[in-house]
Amino acid sequence: MQRSLIFLLVVLSLYACQEPQPPNILWINAEDIGPAWGCYGDDYAITPNIDQLAEEGYIFRKAFSNAPICAPARSTLITGIYATSLGTQHLRSEIPVPQNLRVLPELMKDAGYFTTNNAKTDYNFSAEGRWDENGGEAHWRNRGGDQPFFSVFNFGITHEGHANSNRPEDTESLEQKHDPERAQIPPYYPKTDEFKSIWTHQYDLITVFDQEVGKLVQQLKEDGEYENTIIFVFADHGYGLPRYKRWLYNSGLQVPFVLHVPDQYKELVSNLTTQEVDQMVGFVDFAPSVLSLAGAEVPQMMEGKNFLGEEVQPKEYIYGYRDRADDCYDVARSVYDGRYMYIRHFMPHKPYIQNAVIFNRGKRGFEELFRVKEEGELPPEAQDMFTPKPVEELYDLQNDPYELHNLIGEEGHQARAQEMQQNLYDWMVRHHDTGLLNEGEMMMRAQGDGSVYEMARDSSSYATANILQVADLVGKLDDPGELTSYLESEDSGVRYWALVALDAYEGDIASQYNVLSSLSQDESPSVAILASEILIKQIEDEGAYQELARMLQHENEPVVLQAAISVRNLGEKAQPLVDTIQEQVMPEYSGEVWGRYKNWSYPMFIGMALDQTMVNCGIEVSIDN
C-alpha cells in the first residue's frame with residue numbers, strides 16, 4: 001500500500017512538472033471601432049461577452065494600429081513589419097514582396113500549428129498558400145487530432161459600410177438597443193438628430209460584434225479548448241466615421257484590445273501584473289508576440305517587438321502612417337510617446353475630406369456633415385475637416401483626448417515638437433520609408449530588385465534621407481527659388497517632392513512656369529504628372545493636358561491612378577480631358593464592382609477618381625455603392 005502511494009505521488013509529481021501543451025491562439029478582430037466597450041469604462045456600451053473576457057484577463061489602454069485604414073494596418077499586423085518599410089502602406093494595392101518573406105501563419109505552421117483565417121486578408125499582397133485554411137468556412141474545428149491552432153476571425157458588421165447605413169437586418173439580433181438620447185456625440189460633430197442616430201447605430205453594431213465574440217467563446221468551451229486558448233480581441237483601427245478612419249489622429253489609430261490568458265499560461269505573460277495594462281503596443285508587435293507565445297523563433301526581418309513575458313522592454317514610441325486611401329493621396333507620419341502625439345503632414349494643402357467619391361456618396365456621416373456645412377452651422381472642429389491641414393500638430397492626449405488644441409508654436413512645447421519630429425524622421429530613415437516615393441514610382445523602381453522592400457534597401461535605388469530633406473520643405477517654403485537645385489536633381493524622388501513643396505506654396509510661382517513646362521515632359525511619370533497638374537491649375541497649359549491624357553493610358557496602373565487623381569484635382573479645368581476619359585480610359589477599367597469598376601484594386605480607384613472628374617465637369621454619374 002505504501003509503495004503504491006509513493007508510486008502515485010511520483011507520477012503526479014512528474015505530471016505536475018511537465019510543460020503545458022503549446023497554447024491555442026485565437027484572434028477575434030472587429031473592423032472600424034474605437035475602445036467603446038464596457039470594460040474601458042464606457043457606460044453607454046453593451047458588451048457583456050468582451051467584458052467577461054476582460055474581467056478574467058487584461059485590458060490594454062494604449063493599443064494602436066499603425067495605420068488608420070484596413071490594408072496597411074492588416075499588412076503590418078500579419079508581417080510584424082511596418083507597412084511603409086514593406087511598401088504596403090496604400091489602400092488598396094498589389095505589392096511585390098520578398099520571396100523569403102514568411103508571414104505569421106506560415107511561421108506558426110512551421111511551429112506545428114494548424115492555421116485558419118475567416119475570412120478577410122487585405123494585406124496588399126497575395127495570401128494564397130499562407131494559411132492551412134483561408135475563407136468563410138475556415139475554423140479550428142477542421143484540424144485533425146489535438147494539434148494546437150492559430151485561428152483568426154474577422155467580423156465586418158462594424159465596418160464603415162454598416163455604420164454609415166441603417167439596415168434593420170444588421171441589428172435584428174439585439175433585444176436591447178442603445179438610447180439615442182444618451183449618446184455622447186464627439187465635439188467635432190454637429191449635435192443633430194442624424195448624428196445621434198449614427199452614433200447610436202455604431203454602438204448597436206458593436207453589441208452585435210460582442211455577440212459574435214460570445215459565440216466563439218462558447219464554441220471553445222464546447223470543444224474543451226477554452227482553458228487551452230489565449231484570446232486576443234481587438235479592432236483594426238478607429239470608427240468608420242469622419243475624423244476617425246483615414247485620419248492620422250489618436251481617434252484613427254487607438255484600438256480596443258483585450259487579452260484573455262488561461263491560468264496555465266500565465267507565466268507566458270509574466271510582465272502583466274495588473275488587469276489594466278498601461279504599456280504601449282502597436283500592430284507591428286502582434287506577430288512577434290504570438291510567435292513568442294508559441295515558443296517559436298522571431299525572424300530578424302520583423303521590426304516589431306514581443307510585448308509579453310519576461311525581459312520585455314517597455315515600448316517608448318508608437319509610429320503611425322497615412323498614405324493613399326482609396327483615390328485620395330496624402331502622406332503624413334505620427335509618433336506618440338505615451339502622452340503626446342506629434343503629426344507631420346507632408347501634403348498639408350490637401351484637406352482630409354477631399355473632393356472624392358469616397359466622401360460624398362452613400363455615407364450617412366459624411367452626408368450629414370455636408371448638409372450642415374451647406375447651412376453654415378458646422379462647429380469649428382468639423383469645419384477643419386474641409387480645410388488645409390496644419391504642417392505640424394502636437395496634442396497632449398492626457399489633457400486633450402479629443403485632439404482639439406494644437407500645441408505647435410505654443411510656449412513650452414517647441415523643444416518637444418522638435419525632438420519628436422527628429423525622432424520621427426530618424427525612424428523614417430532607419431526603416432527606409434517607401435512612402436517618400438509616389439506609388440507608381442515606387443513600383444517601377446522595384447522592378448529591378450524583385451520587391452519594394454529590397455529596392456528600398458538598395459542605396460543605389462533609394463536615398464531615403466536625401467528625399468526626406470526635400471519633403472521637409474513642404475509647408476515651410478519662403479521662396480520658390482529655394483527649390484531650383486532640387487527641381488534639377490538627378491533623383492526623381494527629389495524632383496517630385498520639390499514639386500509637392502511648390503504645389504503647397506501659397507505665393508506666386510510664375511517664376512517657375514518654364515521649369516514646370518520642362519518637368520511636365522519628365523522621364524519620371526510621377527514628376528511629369530504632378531508638374532502637369534500644377535501647370536494646368538496655374539495657366540491651363542495645352543501641352544500639360546496632352547501629357548495627362550497620355551499618362552491616363554499608361555501601362556502601369558499605379559501611374560494611371562496618379563494621373564486620374566491629378567485630373568480630379570483640376571476640378572472644372574479637367575473639361576478638355578472628358579472625351580479621352582469617356583472613350584479611351586473608363587472602358588479599360590469598367591466592370592461590375594459597384595456597378596462601375598473592374599475590380600476592388602487599382603481599377604476601382606482609377607474609376608472613382610475619374611467619376612468624380614465627370615461630376616466636377618457637370619456630367620451625372622450613377623454609382624451603386
Side-chain angles (χ1 to χ4, degrees), residues 61-68 72-73 76 82-85 89 237-238 243 246-255 278-285 303-305 307 313-323 330-348 352 384 388-436 464-477 497 500-501 504:
R61 291 284 180 179
K62 293 178 179 177
F64 296 88
S65 173
N66 294 103
T76 305
Y82 292 110
T84 50
S85 185
Q89 63 268 19
H237 50 70
R243 211 179 186 270
R246 299 178 181 85
W247 268 256
L248 195 65
Y249 290 134
N250 183 67
S251 56
L253 297 175
Q254 187 181 11
V255 295
D278 201 45
Q279 74 179 75
M280 295 188 293
V281 299
F283 275 6
V284 74
D285 306 311
E303 296 169 340
K305 303 298 180 185
F307 59 83
Q313 297 297 316
K315 201 173 187 73
E316 294 184 80
Y317 302 100
I318 298 287
Y319 298 96
Y321 28 86
R322 159 65 204 263
D323 295 85
D330 205 343
V331 179
R333 300 289 181 265
S334 68
V335 57
Y336 174 62
D337 68 1
R339 176 172 177 177
Y340 291 93
M341 171 78 81
Y342 171 84
I343 304 170
R344 173 54 159 112
H345 294 286
F346 291 98
M347 293 183 174
Y352 266 114
D384 287 347
K389 304 183 289 290
V391 176
E392 298 175 282
E393 298 182 77
L394 178 69
Y395 297 102
D396 177 358
L397 297 185
Q398 180 174 302
N399 295 312
D400 181 22
Y402 285 108
E403 299 161 290
L404 301 177
H405 185 60
N406 186 4
L407 298 172
I408 289 293
E410 291 199 1
E411 186 177 352
H413 293 284
Q414 293 94 329
R416 176 176 289 108
Q418 186 175 2
E419 179 183 341
M420 294 186 78
Q421 183 198 71
Q422 189 59 55
N423 178 292
L424 180 65
Y425 284 11
D426 289 345
W427 171 80
M428 292 175 69
V429 172
R430 188 166 65 251
H431 292 280
H432 308 275
D433 192 321
T434 60
L436 291 174
T464 316
N466 293 347
I467 298 175
L468 179 56
Q469 181 183 4
V470 187
D472 187 52
L473 293 174
V474 178
K476 301 178 180 180
L477 202 62
W497 277 103
V500 176

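Quick caveat, the model's predicted, so the values are computed rather than measured. The basis for the numbers below is simple: all heavy atoms, side chains too, and nothing from hydrogens, waters or symmetry mates. For this chain, numbers begin at 1 and follow the sequence in order.
You'll find the side chain of Ser65 reaches within 4.5 Å of the side chain of Phe283, heavy atoms only. Ile408 is not listed as a side-chain neighbour of His413, based on a closest heavy-atom distance of 4.5 Å or more. With contacts defined as side-chain heavy-atom distances shorter than 4.5 Å, the pair His345/Val391 does not qualify.
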**Audit row: Asn406, Glu392, side-chain contact (heavy atoms from CB on, under 4.5 Å) steps and yes/no** = CA-CA 9 Å; Asn406 186 4; Glu392 298 175 282; over 6 Å; no
**Message:** One pair to check against side-chain contact (heavy atoms from CB on, under 4.5 Å): Val474 and Met347. What are the steps and the verdict?
**Reply:** CA-CA 7 Å; Val474 178; Met347 293 183 174; 5.9 Å; no
**Message:** Go through it in stages, so that I can follow the logic: the residues are Phe64 and Asn250, the test is side-chain contact (heavy atoms from CB on, under 4.5 Å), and I'd like the CA-CA distance, side-chain angles, deciding distance and then a yes or no.
**Reply:** CA-CA 8 Å; Phe64 296 88; Asn250 183 67; 3.1 Å; yes
**Message:** Would Arg339 and Asn399 count as a side-chain contact (heavy atoms from CB on, under 4.5 Å) here? Give the steps.
**Reply:** CA-CA 9 Å; Arg339 176 172 177 177; Asn399 295 312; 3.1 Å; yes
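A donor-acceptor pair under 3.5 Å links the side-chain atoms of Ser251 to the main chain of Arg243, judged by distance alone. Judged by distance alone, with hydrogens and angles left aside, the side-chain atoms of Asp400 form a donor-acceptor pair with the main-chain N or O of Leu404 at under 3.5 Å.
Partners of Asp384 by salt bridge (Lys or Arg N to Asp or Glu O under 4.0 Å), not counting sequence neighbours: none found. Remark: Asn66 pairs with no residue by the side-chain hydrogen bond (donor to acceptor under 3.5 Å, both in side chains) rule, at least two apart or across chains. For Asn423, the side chain to side chain contact (heavy atoms under 4.5 Å, CB included) partners at least two apart in sequence or on another chain are Tyr317, Tyr319, Val335. Residues forming a side-chain hydrogen bond (donor to acceptor under 3.5 Å, both in side chains) with Tyr336 (at least two apart in sequence, or on another chain): none. Among residues two or more places apart in sequence or in another chain, the ring-ring contact (aromatic ring centres under 6.0 Å, His included) test is passed with Tyr82 by Trp427, His431. Residues passing the salt bridge (Lys or Arg N to Asp or Glu O under 4.0 Å) test with Lys305: none are found, sequence neighbours excluded. With sequence neighbours left out, the salt bridge (Lys or Arg N to Asp or Glu O under 4.0 Å) criterion links Asp278 to Lys62. For Lys315, the side-chain hydrogen bond (donor to acceptor under 3.5 Å, both in side chains) partners are Asp285, not counting sequence neighbours. The side-chain hydrogen bond (donor to acceptor under 3.5 Å, both in side chains) check on Tyr352 picks up nothing, with sequence neighbours excluded. The salt bridge (Lys or Arg N to Asp or Glu O under 4.0 Å) test applied to Glu393 returns no partner, not counting sequence neighbours.
Among all heavy-atom pairs drawn from Asp323 and Gly435, the shortest one is OD2-CA, 3.9 Å. In terms of heavy atoms, Thr464 sits closest to Asp433 at CG2-N, 4.0 Å. Closest of all the heavy-atom pairs between Tyr321 and Ala83 is OH-N, 3.0 Å. The nearest pair of heavy atoms linking Gly475 to Ala504 is N-CB, 4.5 Å. Heavy atoms only, all atoms of each residue included: Thr434 and Ser85 are closest at CG2-O, 4.2 Å. Heavy-atom minimum distance, Tyr340 versus Asp396: CE2-CB, 3.6 Å.
Sorted by first and then second residue, the salt bridge (charged side-chain N to carboxylate O under 4.0 Å, His left out) pairs involving residues 403-417 (not counting sequence neighbours) form an empty list. Under the salt bridge (charged side-chain N to carboxylate O under 4.0 Å, His left out) criterion, the residue pairs touching residues 465-476 are Arg344-Asp472, Asp472-Lys476, with sequence neighbours excluded.
Atom CD of Gln414 has more than 12 heavy atoms from other residues, nucleotides or ligands within 6.0 Å.
The CG atom of Leu248 sits 5.0 Å away from the CD1 atom of Ile343 when rounded to the nearest 0.5 Å. Of the inter-residue distances, the one linking Arg322 atom CZ with Tyr249 atom OH reads 11.5 Å to the nearest 0.5 angstrom. Separation of atoms CZ (Arg333) and CE (Met428) is listed at 5.0 Å; rounding is to 0.5 Å. Atom CH2 in Trp497 sits 10.0 Å away from atom CD1 in Ile467 (nearest 0.5 Å). Met341 CE to Ile318 CD1: the interatomic distance, rounded to the nearest 0.5 Å, is 9.0 Å. Rounding to the nearest 0.5 Å gives a distance of 12.0 Å between OG of Ser334 and OH of Tyr395.
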